[in-house]
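Throughout, a chain's letter reflects where its sequence line sits, starting with A, and its residues are numbered from 1. Remember, it's a predicted structure, so these values are computed and weren't measured experimentally. The figures that follow rest on heavy atoms only: side chains count, while hydrogens, waters and symmetry mates do not.
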Protein chains: 2
Amino acid sequence: MADVIDAAIEVELGAIFADARRRAGDLDPHYAALWRSLAQQSSGGKRIRPHLVRLAYSGFGGTDEALATRVAVAFELLHTAFLIHDDVIDQDTVRRGDPNVAARFAARAIRHGTDERTSGIWGETAAVLAGDLALSRAHREIALLPVDRTRRGRLLDILDRAVFVSAAGELADVVNAGDAEPTSMPRVLATLEQKTAVYSFECPLAAGAVLAGASDPAIAALERFGRFVGIAFQITDDVLGVFGDPAITGKSASSDLREGKRTALIAHAATTAHWPRIAAGLGDPGLDEAEAEEMRAALRDCGALDTALRLADEHVTLARYELETAELPAPLAAELGAIALRAVERAR
Amino acid sequence: MADVIDAAIEVELGAIFADARRRAGDLDPHYAALWRSLAQQSSGGKRIRPHLVRLAYSGFGGTDEALATRVAVAFELLHTAFLIHDDVIDQDTVRRGDPNVAARFAARAIRHGTDERTSGIWGETAAVLAGDLALSRAHREIALLPVDRTRRGRLLDILDRAVFVSAAGELADVVNAGDAEPTSMPRVLATLEQKTAVYSFECPLAAGAVLAGASDPAIAALERFGRFVGIAFQITDDVLGVFGDPAITGKSASSDLREGKRTALIAHAATTAHWPRIAAGLGDPGLDEAEAEEMRAALRDCGALDTALRLADEHVTLARYELETAELPAPLAAELGAIALRAVERAR
């Protein structure tokens, strides 16, 4: 079952991109290339959000795989749109170890004979537009769902919340990063809930449940579960971003430190006597491996690593507590409980 | 009638922004400020697209003003989203003579105590997100329309086309600007059709007509009319951008020349012996008023001004020809014919 619908998601995404590329080619070859780079950016994702949609849907007895696939695809396209616009905001050129939309289009401009400055404009233009197109397509998938008005309305509300809250989180993230003062722990947690937990965990679970006709208390429990797991997941991700094996995480274990990313690790460290050992190098683009290693030692010494891991565990506990309701079918609760544990086990 | 529904559009837009601002304030004051700057950017527009939706809807006998208002608002929000992301791509800070979303947020960052570089990041972040939010809201307005599945599906297809084709036009505009060679007249016309005519004229008219239950041949005639008028309108706008009175157009009569904007004027000039007089200063950010005046003289001498005005007139003729069908109610055809004439009369 899992394999069947996972393949269905790839097929559906592939069909969307192929159709758009063909239509784009009727207008302009560069535009077809834009859709090709959008498809490339989408491929290789872990498909966490589609998986959660499917899990909630089938967990509440949903059997229409085509329907669930379309909702799952909508959340994956939303994710793609957010990643692309996040890269525009952060002026990144690499995503999952590969050149992103902007980098691909900048390279295309150079091949086309433009100068460096113009190639940068091509890249940014392509990324802004690719995000808009993926976002629009996500909306369209939900808007066209062949379900009754009430159910579609609720799914549109979930999608609206996903966009609305994520934008708040993205803005907060940038505001935090520009602040001279360290970001407090409550604000770090609120930001990652808004930026990641809501659209990545709460909303896909709620959408799958609504689509399957779950009860309101069941949906509310899933939403709370999703937010807690999402927070645990992101805290863990941020721990792995500093302490993880680059061969597994796919990114340098120094890049978050070089960027000065405001994580739970940093929020804790800033309240301790070890802070000067960390503050000096944090956000320094020229940080070398020895300096990063010294910062990691300081983050261990000051208790930031232990605190972050404990915070993640506590959120998993809170999440699993939400599963102890008769409203949730037992097999679904068991599967979600296992997912919650895996969210933090990656950092052990 | 016109006044009633125009007021209704302002009321509806105001309600959307007020509700979002309130919800945003629950999350973060900066986020509430983002919605405030989005509302400010939306205000002061000419509301051409809502006007066209309303005209087509009532022209085909539609009487549900609340319904027409929501579709009209969707196209205005789409327009706002495109303007905001267009400014991100062009790195502009002024829109309609006022600071745009990015400029307002950059100023907010400075007041917040950030350095110059960080304020630029705040500005770009706010603009990327504001565009995403306006775009999402446009989709939501159409998706939630209380009409039957077939009609909503057709409206969603029109919205999809508006987004899809405009993105192609925006990309083509940037590709043209980065090209060392002058852009040919056919490519200039194709780009402005894609970037402006489709979403600003064709799609609003088609949406109003579909909503009112117009016949397929009538809708097709309106769509062709819209594309031709849209091209005439944009050629005229580009003429006014160089030869217009800044007090009326609201922008410097040299800025298009400084930017090196690829217009019909320039496409024609590039094919004439006067081209060196224009090419030297075109795209020079340091262009002074005397040099701009000399370029205007050259554009007159080489026949570019006459050619552009004639091209606009020809597209108005083509547009008005589309109105000569029994499928269109006579009062609607008369009103649209007058709009077509006004599109070019501004440059006389």
Side-chain angles (χ1 to χ4, degrees), chain A residues 20 23-24 27-28 30-31 34 81-82 85 88-91 109 112-115 117-119 121-122 124-126 128-133 135-140 142-144 146 149 152-153 156 159-160 163-175 177-180 190-191 194, chain B residues 20 23-24 27-28 30-31 34 81-82 85 88-91 109 112-115 117-119 121-122 124-126 128-133 135-140 142-144 146 149 152-153 156 159-160 163-175 177-180 190-191 194:
Chain A
R23 290 191 293 141
L27 296 174
D28 195 280
H30 292 300
Y31 192 42
L34 175 64
F82 288 166
H85 280 179
V88 170
I89 288 167
D90 295 342
Q91 304 193 348
H112 198 69
T114 75
D115 58 27
R117 195 185 140 272
T118 301
S119 78
I121 296 171
W122 277 46
E124 184 170 27
T125 300
V128 169
L129 295 174
D132 288 349
L133 291 164
L135 179 59
S136 290
R137 187 68 207 201
H139 282 281
R140 182 168 165 81
I142 303 289
L144 285 174
R149 177 189 304 281
R152 196 175 47 247
L156 288 168
L159 180 63
D160 183 55
V163 172
F164 190 87
V165 175
S166 301
E170 182 81 30
L171 183 66
D173 208 29
V174 168
V175 166
D179 213 330
T191 300
Q194 290 171 11
Chain B
R23 289 192 292 140
L27 296 173
D28 194 280
H30 292 301
Y31 192 41
L34 175 64
F82 287 166
H85 280 179
V88 170
I89 288 167
D90 294 344
Q91 303 191 348
H112 199 69
T114 75
D115 59 26
R117 195 185 141 273
T118 302
S119 79
I121 296 172
W122 277 44
E124 183 169 28
T125 300
V128 168
L129 295 174
D132 288 351
L133 291 164
L135 179 60
S136 289
R137 187 69 207 201
H139 281 282
R140 182 168 164 83
I142 303 288
L144 285 173
R149 177 188 305 280
R152 195 175 46 247
L156 288 168
L159 180 64
D160 183 55
V163 172
F164 190 87
V165 175
S166 301
E170 182 81 29
L171 183 66
D173 209 29
V174 168
V175 165
D179 213 330
T191 300
Q194 290 172 12

Under 4.5 Å to a heavy atom of chain A? For B:D28 that would be side chain
From B:S136 atom OG to A:L156 atom CG, the distance as rounded to the nearest 0.5 Å = 11.5 Å
Could you look at B:A20 and say if it's the side chain, the backbone, both or neither that has a heavy atom under 4.5 Å from chain A?
-> both
Output for pair (B:R152 CZ, A:R152 CZ), nearest 0.5 Å, gives 3.5 Å
Does a side-chain heavy-atom distance below 4.5 Å link A:V88 with B:E124?
-> yes
Who wins among A:D90, A:L133, A:D132 for the most heavy-atom pairs under 4.5 Å with chain B?
-> A:D132
Looking at A:A190, A:P146, A:G169, A:S166, which has the largest count of heavy-atom pairs under 4.5 Å with chain B?
-> A:P146
Do any N or O atoms from the side chain of A:Y31 and from the backbone of B:V165 form a donor-acceptor pair under 3.5 angstrom?
-> no
Output the option from A:L159, A:I121, A:L135 having the highest count of non-hydrogen pairs under 4.5 Å with chain B.
-> A:L135
Mind checking the CZ-CG spacing from A:R140 to B:D160? Nearest 0.5 Å is all I need.
-> 4.0 Å
Turns out that what part of A:H30 lies under 4.5 Å from chain B's heavy atoms comes down to both
In terms of heavy-atom proximity below 4.5 Å to chain A, should B:A180 be classed as side chain, backbone, both, or neither?
-> neither
Residue from B:V128, B:L129, B:T125 passing side-chain contact (heavy atoms from CB on, under 4.5 Å) with A:V174 | B:T125
Taking every heavy-atom pair that is under 4.5 Å apart, which of A:L171, A:T118, A:T114 has the most such pairs with chain B?
-> A:L171
